[in-house]
There are 2 protein chains.
Amino acid sequence: MRKKRTTIYDIAEKLNLTASCVSRALNNSNYVSEKTRALVLKTAAELNYKRNILATNLRNGHSKTIGIVVPRINQNFFSNIIAGIEEATYEKDYNLVICQSNEEHEKEVKCINTLINQQVDCIVISISADGHDYQHLKNVIDHGIQLIQFDRVVDELETLKVINDNELASLEAVSHMIEQGYSRIALLEGPQHLSIFKQRKAGYLAALKKYNLPVINELIVKNAWTKELGAKATRKLLSLSNPPDAVFASTSDFSALGVLEVATDIGFKVPEQLGICGYSNEAFTEITSPSITTIDQYSFFMGKTIANLYFEEMNIKEIAIQPKTISIKPNLIIRSSTSKKSTETK
Amino acid sequence: MRKKRTTIYDIAEKLNLTASCVSRALNNSNYVSEKTRALVLKTAAELNYKRNILATNLRNGHSKTIGIVVPRINQNFFSNIIAGIEEATYEKDYNLVICQSNEEHEKEVKCINTLINQQVDCIVISISADGHDYQHLKNVIDHGIQLIQFDRVVDELETLKVINDNELASLEAVSHMIEQGYSRIALLEGPQHLSIFKQRKAGYLAALKKYNLPVINELIVKNAWTKELGAKATRKLLSLSNPPDAVFASTSDFSALGVLEVATDIGFKVPEQLGICGYSNEAFTEITSPSITTIDQYSFFMGKTIANLYFEEMNIKEIAIQPKTISIKPNLIIRSSTSKKSTETK
DNA sequence: TTAATATATGCAATCGATTGCTGATATTTT
DNA sequence: AAAATATCAGCAATCGATTGCATATATTAA
């Protein structure tokens, strides 16, 4: 079935040389005559030679490959991260092996093991939501593989990290809402064992404190991070005797969309009677009516940052790599769903 | 820096065995005693042994890896395809190496070469828009690597193909619009050297013919396949002395969105005065007001189909692989933007 | 007890590319 | 012309896992 591929031995034989010489010619070594090099290059092209990277990597002990583990490949944020990493690694002739954990801890462990088997040089991961034990990540480090965590990171593990400043972004978002005149702001919070959601909550609380607003427990809804859960939470919130006048959907834009749909359905005017702020700047937030205020995480840029961080650290061979965290400040995008003031003055 | 990884030789040494024996134990060969196997497995776990796939693959002559080349990783359709492939290949312990061509022919060629170097067993590709020469794809075949084209395929190349029945889907979409009472239907067409766009146009023409409607050339707009180009085309179309009463944005939902925004802006009521149908079922089409009628390509399912096609064909070792095309019928999703009749009866 | 079979292990080559070392020419210096 | 250096090619080991073949025990049959 499969045809035999040409190797350096084939080239060597044809030219009455040895494989070593061919290898040197192919690798721009100085220890070959220009004549031989030209001959080798010509013959290689003629025979349609393609270097077997498997052999090269086995010999060299690395794979020029970066493994990526994300909860879901087809989520905007993650596919942008991947695209960003790809752009940066492509230039350096690195390959990407991509796995998805489907938010399942067990699959995440399997992915990690596959990547270790593959001899990847670096593993980039955003952990799944249901994980609690991090032995598999320690294992990566034990195998001498560079580990870079991003977005959803395990704080306790001292690795390279690239994150968003979730607390600051949330503080800004909620401050903005308060300045727009909202005072009973509900929070849709995510699983608190993930630090990103903890930070977003902290930002929310900090904003309330900053403006001397009380924390109202019945306005804080746990684990509302899908459109459906966001909708469900909103139905409950809006039927309170003293309902909120705004919702900060810190979990995602999807939950914010759920809020918007239910609010519109029940007859709450957005932004006049209810302000809404999402998280992630999904494409659709610009299109809804009203458009949704949200927080852009610069995901593509974040991907490039991750890749570049790896290449930088790679060059520091002498000293053991120091844990290091790069924090990217997300950008609050103010749209109609929180623009109460501008509608008042109309 | 990098720690030495444990190999089968380390295990062998520790147990006073040879590597061959360890290898057999690890691979469930029958030619090892249960006692030794148990011992090997135990020791492997203790030493945190991870098999070096590079060596295995070099020896076995394949890599259990599938290479994917898509124009853009972070486009919904493609990231769903990838997710689908991933789900199917994960079960079979295959890895995915992913490249993006950025719609550039040159980068596509480079990606292909990288993948050939990597000794991938199969290359899955949806060609970039600006390609005209297909030598690099022939090269894949010459290297004995299975080639599977999907969605944007080169007809002339006899390979495995997984496509949508674009013509049928378009025929259905335009027929639906005609039945809703639209008669001057404009077409936003894509680059005609890509067969998918040719087919969509053919479906459009077939529908007009079926209902005895004339083909009006000024209503057919070339290369309008971004939101901006869709908007631009719409401005022109709606300023015609005899403007269209519907637009089939065969290029994408993004162009359909451009149409919707301009129409709303100018004051054309959708769907009463202007019907709109997009293509791809992007998430946002459900959210716009009015929601946009579109065509779902079952991208995730398509990804699974691609992977399964590979595994099926792989098992047929005796006979040379026959070119084969799997055509998936897309699904017309009727939403508000073309529901003229229902608004009339209101 | 001896012969015949089964079972388990070792040996050594292989996959393809790389590289330190040795050695043979070619070139330059004295 | 002899000695010193530079240039280029070959040899052989290496990376880690696999496997056909040979061989050494253990087990069973005669």
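Residue numbers start from 1 in every chain, and the chains themselves are labelled A, B, ... in the order their sequence lines are given, proteins ahead of strands. Any value given below was found using the heavy atoms of this structure, including those in side chains, with hydrogens, waters and symmetry copies removed.
Identified under the salt bridge (Lys or Arg N to Asp or Glu O under 4.0 Å) test for residues 73-98 of chain A, with sequence neighbours left out: A:E86-B:K107, A:E87-A:K304. Annotation: ring pair (Phe, Tyr, Trp, His ring centres under 6.0 Å) contacts involving residues 101-129 of chain A, sequence neighbours excluded, comprise A:H105-A:H136. Residues in residues 37-53 of chain A take part in these salt bridge (Lys or Arg N to Asp or Glu O under 4.0 Å) pairs, two or more places apart or across chains: A:K14-A:E46, A:E34-A:R37, A:K42-A:E46. Judged as a salt bridge (Lys or Arg N to Asp or Glu O under 4.0 Å), not a single pair has a partner in residues 123-134 of chain B (not counting sequence neighbours).
Between the axis at the start and the axis at the end of the helix from C:dT5-D:dA26 to C:dT30-D:dA1 there is an angle of 50°, using five pairs per end and rounding to 10 degrees.
Remark: A:D151 engages no residue in a side chain to side chain donor-acceptor pair (under 3.5 Å) (not counting sequence neighbours). Under the side-chain contact (heavy atoms from CB on, under 4.5 Å) criterion, A:S23 pairs with A:I8, A:N27, not counting sequence neighbours. For A:N95, the side chain to side chain donor-acceptor pair (under 3.5 Å) test picks out B:Q118, with sequence neighbours left out.
For the atom pair CD1 of B:I112 and SG of B:C99, the computed distance is 8.0 Å after rounding to the nearest 0.5 Å. Here B:E13 contributes atom CD and B:T43 contributes atom OG1; the two are 12.5 Å apart, rounded to the nearest 0.5 Å.
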Give me, pair by pair, the N or O atoms of the protein and of nucleotides 23-26 of chain D that are less than 3.5 Å apart, along with how far apart they are.
none

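In this structure, A:Y31 places its OH atom where only 12 or fewer heavy-atom neighbours from other residues, nucleotides or ligands lie under 6.0 Å away.
By the 30° and 60° cut-offs, the orientation of the rings of A:F150 relative to A:F77 is tilted.
Contacts of B:S29 with the nucleic acid, taken as non-hydrogen atoms under 4.0 Å apart, are absent. Contacts of A:S20 with the nucleic acid, taken as non-hydrogen atoms under 4.0 Å apart, include base atoms.
Ion pairing of B:R152 with B:E103 is present here, as a side-chain N (NZ or NE/NH1/NH2) and a carboxylate O approach within less than 4.0 Å.
Of all nucleotides in DNA chain C having an atom under 4.0 Å from a heavy atom of chain A, the first and last in 5' to 3' order are C:dG16 to C:dG20.
With rounding to whole Å, B:R24 atom CZ is found 7 Å from D:dT19 atom C1'. Rounded to whole angstrom, the span from the NZ atom of A:K35 across to the P atom of D:dC8 amounts to 11 Å.
Near DNA chain D, meaning a heavy atom under 4.0 Å away, the residues from residues 11-19 of chain A are A:N16, A:L17, A:T18. Near-neighbour residues of DNA chain D inside residues 48-60 of chain A, defined by a heavy atom below 4.0 Å, number-ordered: A:L58, A:R59.
Annotation for A:T89 and A:L96: closest pair OG1-CD1, 3.5 Å, computed over non-hydrogen atoms. Shown here for A:A83 and B:I73, the closest heavy-atom pair between the two residues is CA-CD1, 4.5 Å. Of all heavy-atom pairs between B:V120 and B:S63, the closest is CA-OG, 3.4 Å.
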